Each structure stands twice: as C-alpha cells, then as structure tokens.
Amino acid sequence: MYPLKFKPILKERLWGGTKLKEVLGKPIESDITGESWELSTVKGDVSVIANGELQGTSLQELIETHAEALLGKNVVDRFGTEFPILIKFIDAKQDLSIQLHPNDELAKERHNSFGKTEMWYIMDADPNAELIVGFNRNVSKKEYAESIENDTLLDLLNYEQVKEGDTFFINTGKIHAIGAGVMLAEIQQTSDVTYRVFDFNRKDKEGNLRELHTELALDAVDYEKKDDFKVSYSKELNKMQSMVDCPYFKTNFIELAQDVVLNTKERDSFTIFMCVGGKAVVKTAEGEVQIVKGETVLLPAMTDKIELLSSGAKLLEVTI
C-alpha cells in the first residue's frame, strides 16, 4: 500500500471565499468555497483515492478490506472500521458562526456520533484577522442564556489576533469561531456535529436565517474562562516537534531544510502529512508521491520507514 492522495471534497459556505483556489490551487469555480475536506469517511462525503492502482477506490472501501494494514491494530481496536479523523482546509472570507461542539458522551446520546475535538493551524491571515476562542471571563449558565436572548453574546467572548503558524487546540464545549480573513488547516475527530449559537443575523442565499441550536448548546458549553487553547511548539529545523497530543490525535510539526528519514515500524497507526508550506516528496518502500502546500497524503500503518525529501517544506504529521 503506497502513499495515498485523495480527491478534495469541496464545500460551498455562506462565509467562504477564493483562497482555497488562489493560494492552495484547489479545482474550484465558486467564489464562496469555504472548505476542502481532504480525508473523510463522513456519510455522504467519503474520500476517494486520486493516485496509483487504487485510484477511484473510496477510503471506506479500503478500510473495510485492509483495516489493520491501513489503520493499525491499535486504531482498529478503538474505532473499528471507522476512520477516526477528519482533515480539512478552511477559508473564511467572512466570520464563521459562533459555535461549539459536544463531548463524546453528549454526542453519542443525542446524535449517535463522536464528539468533536479539533485543532487549527493558521496558514494565512489578513492584517488584524482574529479568532474567537472561549470567554473573556467566567460566565454563568444564566448569564450566557441571557446574552443569547439579549443579543449581547459578543461582549462575553475572547478575541485572538492571529498570524501564519499560530496553532489552537479547541476542546469540546469551548465556544469558538474562525474570523474573516483566516485560512487554516483543521484536524478533528470524525464528526459533523456542531451547535451554532450566533450567526450575526445573516441570511442564506434563499433569504433564510440559519438554524441555531440554542437549547442543545446550554448543557454542552464550558462556561469557565480557560487559557488552554494556544499551542506553543518549537520550530527547530528537521526535527518533529510536538504540537498536540490528545486522546483523539497526535500532531507534530516539521520544517525541512534537508531530507529526513522517519522510523515508523513501531507506530501501529496510519500517518497523515498535511503540507502547509513549500513542497516535499514523501517516499516509502511501496512508492513515493509529491505534495505541495494545500495537499495531504495518507500512509498506511504497515509502513516501516518514511523518507521526507525536501528543502523548505512545512508539514503537519498526524497520527493516533
């Protein structure tokens, strides 16, 4: 099983723009494309292999026939034949809705789904572009509910100016939003469960206000002010630098000034590389593939050694 690339699944969004085409080269005609799903087994949006002998095969098909070789025994024991991660690139021309995600327990009970823990790596940001992450002080459930009722939620929120390379960990329950002018890489649990709590009173192309999930969110919000979201990591060249290590995924950063060899024989997990800058050749005993900024490659768990051939690439490495 060689390094696998997949066809992007492109999503028009009310808040989307053109950076996924102009900066990342995605095959887009629309001016409001907000998301490119790079790796997905979400029902109705399953990724399809774009290269080599397996071209045209869906990721889900490959998992069903080669689960342990592709995912790793550890991953199969935890998640069965469900791919546990959803990988996206996101372009926000306008502010996204203010939202949060339920934890595993609530998501299972209400939606028969995983919760949605996620992280963001900022790839591009206009001057003064911001994210909303959490509250600016501790808030009571009553105070929060009143702010929704009185249209004053924005006064309670924490704003973070961002630049390329900034990284944020968004655990379940944390209220958040991507601001206008931000393009980022997103790594998350496989889940499409979102509770939208405020949408700036915008209307969709049919003139309708988008659905809010006010009641569902009340028991899912983490009302405590926490400064646990900004990820600090080393940028020492040619070495894997830990960014996020949580129960759902592990993400490392590497910037290459020369070729690097990784021993993955004992990993027992698939490996994903997202290229967030420059270009690299990803080589294994089974084959090689080039990835450029905005592309993603999946390497099976059976891979013993990975060579990263580049001078100048920036990569996010994702495993379980």
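Please read all numbers here as calculations on a predicted model, not as lab measurements. Quick note: residue numbers are just sequence positions, from 1.
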Tell me, please, which residues at least two apart from F79 pass ring pair (Phe, Tyr, Trp, His ring centres under 6.0 Å).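 Per chain and number, F79 pairs via ring pair (Phe, Tyr, Trp, His ring centres under 6.0 Å) with F114.
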Distance-only, no hydrogens or angles: does the [X] side chain make a donor-acceptor pair with backbone N or O of [Y] under 3.5 Å?
{"X": "N103", "Y": "T172", "answer": "no"}
{"X": "N238", "Y": "Q258", "answer": "yes"}
{"X": "N136", "Y": "L157", "answer": "yes"}
{"X": "Q189", "Y": "T117", "answer": "yes"}
{"X": "T167", "Y": "G165", "answer": "yes"}
{"X": "D199", "Y": "R210", "answer": "no"}
{"X": "Y2", "Y": "N51", "answer": "yes"}
{"X": "S47", "Y": "F6", "answer": "no"}
{"X": "T194", "Y": "R196", "answer": "no"}
{"X": "D91", "Y": "T18", "answer": "yes"}

How would you list, by chain and number, every residue that makes a side chain to side chain contact (heavy atoms under 4.5 Å, CB included) with [X], sequence neighbours excluded?
{"X": "T81", "answer": "Q60, I63, E64, A67"}
{"X": "P247", "answer": "none"}
{"X": "E295", "answer": "K5, I291, V292"}

Could you walk me through whether I306 and F273 pass the side chain to side chain contact (heavy atoms under 4.5 Å, CB included) check? CA-CA 11 Å; I306 301 168; F273 287 107; 4.0 Å; yes
Is the shortest side-chain N to carboxylate O distance from [X] to [Y] below 4.0 Å?
{"X": "K235", "Y": "E255", "answer": "no"}
{"X": "K239", "Y": "E236", "answer": "yes"}
{"X": "R110", "Y": "E105", "answer": "no"}
{"X": "K73", "Y": "E68", "answer": "no"}

Under 4.5 Å between side-chain heavy atoms, chaining through other members, with only Ile, Leu, Val, Met, Phe, Trp and Tyr counted: pull out the rest of the cluster around W37, sorted by chain and number.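 Once heavy-atom contacts under 4.5 Å are chained together, W37 belongs with I9, V42, L86.
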Side chain proximity check, [X] to [Y], heavy atoms < 4.5 angstrom:
{"X": "Q241", "Y": "N252", "value": "no"}
{"X": "K141", "Y": "L218", "value": "yes"}
{"X": "R137", "Y": "E143", "value": "yes"}
{"X": "L24", "Y": "M123", "value": "yes"}
{"X": "F200", "Y": "L154", "value": "yes"}
{"X": "Y121", "Y": "T251", "value": "no"}
{"X": "Y144", "Y": "L153", "value": "yes"}
{"X": "K26", "Y": "L10", "value": "yes"}

For K293, give me all partners under salt bridge (Lys or Arg N to Asp or Glu O under 4.0 Å), at least two apart in sequence or on another chain.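 K293 satisfies salt bridge (Lys or Arg N to Asp or Glu O under 4.0 Å) with no residue once adjacent residues are dropped.
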Give a yes or no on whether [X] and [Y] share a hydrophobic cluster (residues Ile, Leu, Val, Met, Phe, Trp, Tyr; joining criterion: side-chain heavy atoms under 4.5 Å apart).
{"X": "I85", "Y": "M243", "result": "yes"}
{"X": "L59", "Y": "F89", "result": "yes"}
{"X": "V139", "Y": "Y195", "result": "yes"}
{"X": "V133", "Y": "M119", "result": "no"}
{"X": "I254", "Y": "L309", "result": "no"}

Would E160 and N158 count as a side-chain hydrogen bond (donor to acceptor under 3.5 Å, both in side chains) if you check the C-alpha gap in whole Å, the side-chain angles of each, and the deciding distance to 0.1 Å? CA-CA 7 Å; E160 296 280 330; N158 174 58; 3.1 Å; yes
Would D166 and K230 count as a side chain to side chain contact (heavy atoms under 4.5 Å, CB included) if you check the C-alpha gap in whole Å, the side-chain angles of each, and the deciding distance to 0.1 Å? CA-CA 8 Å; D166 287 349; K230 188 78 180 281; 4.0 Å; yes
D45 and K11: CA distance, side-chain angles, deciding distance, side chain to side chain contact (heavy atoms under 4.5 Å, CB included) verdict: CA-CA 10 Å; D45 288 301; K11 301 282 188 178; 2.8 Å; yes
Are H176 and F135, when compared by the centres of their aromatic rings, separated by less than 6.0 Å?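 So the answer is no for these two rings.
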Looking at every non-hydrogen atom in both residues, tell me the closest pair between [X] and [Y] and how far apart they are.
{"X": "V276", "Y": "L315", "answer": "CG2-N, 4.3 Å"}
{"X": "S97", "Y": "R202", "answer": "N-NH2, 3.5 Å"}
{"X": "L106", "Y": "D219", "answer": "CD1-O, 3.7 Å"}
{"X": "P84", "Y": "V75", "answer": "CG-CG1, 4.1 Å"}
{"X": "L62", "Y": "L4", "answer": "CD2-CD1, 3.5 Å"}
{"X": "L96", "Y": "A177", "answer": "O-CB, 3.8 Å"}

Does [X], at its [atom1] atom, have more than 12 non-hydrogen atoms belonging to other residues, nucleotides or ligands within less than 6.0 Å?
{"X": "K225", "atom1": "NZ", "result": "yes"}
{"X": "H111", "atom1": "NE2", "result": "yes"}
{"X": "K250", "atom1": "NZ", "result": "no"}

Judged by modelled atom types alone, do S30 and E12 share a side-chain donor-acceptor pair under 3.5 Å?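 Yes - a donor-acceptor pair under 3.5 Å links their side chains.
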Steps toward side-chain hydrogen bond (donor to acceptor under 3.5 Å, both in side chains) verdict (N171, Y248): CA-CA 11 Å; N171 43 1; Y248 308 106; over 6 Å; no
Once rounded to the nearest 0.5 Å, what's the spacing between atom [atom1] of [X] and atom [atom2] of [Y]?
{"X": "T214", "Y": "L212", "atom1": "OG1", "atom2": "CG", "value": "5.0 Å"}
{"X": "T296", "Y": "L316", "atom1": "OG1", "atom2": "CG", "value": "9.0 Å"}
{"X": "E186", "Y": "E38", "atom1": "CD", "atom2": "CD", "value": "12.0 Å"}
{"X": "E317", "Y": "T264", "atom1": "CD", "atom2": "OG1", "value": "8.5 Å"}
{"X": "K21", "Y": "S36", "atom1": "NZ", "atom2": "OG", "value": "14.0 Å"}
{"X": "E61", "Y": "L54", "atom1": "CD", "atom2": "CG", "value": "10.0 Å"}

Test side-chain contact (heavy atoms from CB on, under 4.5 Å) applied to T271 and T319, T284, I320, the passing residue: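 Between T271 and the candidates, side-chain contact (heavy atoms from CB on, under 4.5 Å) is satisfied uniquely by T319.
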Using the six-membered ring wherever Trp is involved, compare the ring planes of F249 and F169 and label them parallel, tilted or perpendicular (cut-offs 30° and 60°).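 Geometry flag for F169 against F249: perpendicular rings.
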